[in-house]
Amino acid sequence: MKSKNFDLVLFSSVFAGLFVISNVIAVKEVQILGMVVASSFITYPLTFVVSNIVNERLGIKEARKVVVSGLIVMLVIILLLGLTYYFPANDIEVDNAYRLLFEKNIVIVIASLVAFIISQVVN
């Protein structure tokens with residue numbers, strides 16, 4: 001039983017970390033083979049791999065717990081970022097960059113939440 005709990009904590013942590021970093025770095029667009037893509041094109045699919053591994057090893061019920069925990073972590077981070085959005089920075093350039101990152105990130109987070117909800121319903 002302890003091994004199952006450890007696996008659940010480990011996979012939840014990896015999933016949440018990948019999910020958060022994917023949503024943050026997705027703001028930067030890169031050019032790959034002539035196509036413009038979000039820089040999270042590598043990390044975001046790994047979240048699906050992690051949830052599939054959990055599904056295979058621990059079952060669908062645990063996989064849903066992992067996904068929900070990742071979504072909760074992302075929502076908490078967005079709320080905290082939103083709170084700091086209204087604090088003025090000492091440097092106007094930093095403030096402008098932060099505001100741009102946050103404003104674009106909201107759209108990305110909503111899109112990834114919708115993608116995960118749809119994938120979980122379909123799965």
Side-chain angles (χ1 to χ4, degrees):
M1 187 64 163
K2 286 187 181 211
S3 177
K4 182 179 177 181
N5 288 338
F6 177 78
D7 287 351
L8 187 59
V9 170
L10 176 66
F11 285 120
S12 293
S13 300
V14 170
F15 179 87
L18 285 169
F19 190 57
V20 168
I21 197 68
S22 293
N23 285 313
V24 171
I25 67 174
V27 173
K28 182 179 181 182
E29 295 175 338
V30 295
Q31 190 169 1
I32 305 289
L33 301 174
M35 297 184 307
V36 176
V37 297
S39 59
S40 60
F41 76 97
I42 293 175
T43 57
Y44 192 70
L46 292 176
T47 61
F48 289 96
V49 172
V50 171
S51 65
N52 285 338
I53 291 170
V54 174
N55 188 21
E56 292 294 322
R57 289 187 69 184
L58 305 174
I60 188 77
K61 197 173 180 181
E62 301 301 325
R64 288 206 171 128
K65 287 180 186 177
V66 167
V67 170
V68 168
S69 68
L71 296 176
I72 290 170
V73 168
M74 191 65 223
L75 290 174
V76 168
I77 288 172
I78 286 299
L79 288 173
L80 293 173
L81 285 173
L83 179 65
T84 61
Y85 178 84
Y86 296 102
F87 295 150
N90 287 335
D91 184 351
I92 191 69
E93 287 183 29
V94 170
D95 196 46
N96 289 338
Y98 187 79
R99 287 180 183 279
L100 182 63
L101 174 70
F102 180 74
E103 289 165 359
K104 284 189 170 190
N105 199 267
I106 290 295
V107 174
I108 291 165
V109 169
I110 291 170
S112 65
L113 289 174
V114 169
F116 264 110
I117 290 168
I118 291 170
S119 70
Q120 290 304 305
V121 169
V122 170
N123 193 11

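Given the structure is predicted, the values throughout are model-derived calculations rather than measurements.
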Sorted by chain and residue number, the salt bridge (charged side-chain N to carboxylate O under 4.0 Å, His left out) partners of K28 (sequence neighbours excluded) come out as none

### Message
Just by distance, no angles: are the side chains of S22 and T43 close enough, under 3.5 Å, to form a donor-acceptor pair?
### Response
yes

- [ ] Would you please test V67 and F19 for side chain to side chain contact (heavy atoms under 4.5 Å, CB included) and show each step?
- [x] CA-CA 9 Å; V67 170; F19 190 57; over 6 Å; no

Are [Y] and [X] connected into the same hydrophobic cluster when the rule is that any two of I, L, V, M, F, W, Y join if their side-chain heavy atoms are below 4.5 Å apart?
X: I78; Y: L83; result: no
X: L75; Y: V73; result: yes
X: L80; Y: F87; result: no

Among all residues two or more places apart in sequence or in another chain, which pass the side chain to side chain contact (heavy atoms under 4.5 Å, CB included) test with [X]?
X: I32; value: V30, V37, F41
X: L10; value: F6, V14
X: I53; value: F11, V49, R57

Are F15 and V54 side-chain neighbours, meaning at least one heavy-atom pair lies under 4.5 Å?
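Not touching, per the 4.5 Å side-chain cut-off.
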
Output for pair (L81 CG, M74 CE), nearest 0.5 Å, gives 7.0 Å

Roughly how far apart are N5 CG and E62 CD, rounded to 0.5 Å?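 Between atom CG of N5 and atom CD of E62 there are 8.5 Å.
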
Grouping ILVMFWY residues whenever side-chain heavy atoms fall under 4.5 Å, the cluster of I21 otherwise contains I25

Donor-acceptor contacts under 3.5 Å from residues 90-97 side chains, at least two apart:
| unit_1 | atom_1 | unit_2 | atom_2 | d |
| --- | --- | --- | --- | --- |
| D91 | OD1 | E93 | N | 3.1 |
| D95 | OD2 | R99 | NE | 3.1 |
| N96 | ND2 | I92 | O | 3.3 |

Item to check | For S39 against A26, the heavy-atom pair lying closest together | outcome: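 Smallest heavy-atom distance, with atoms named: OG-N, 4.2 Å.
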
Heavy-atom closest pair (L18 atom, L46 atom, distance to 0.1 Å) is CD1-CB, 3.8 Å

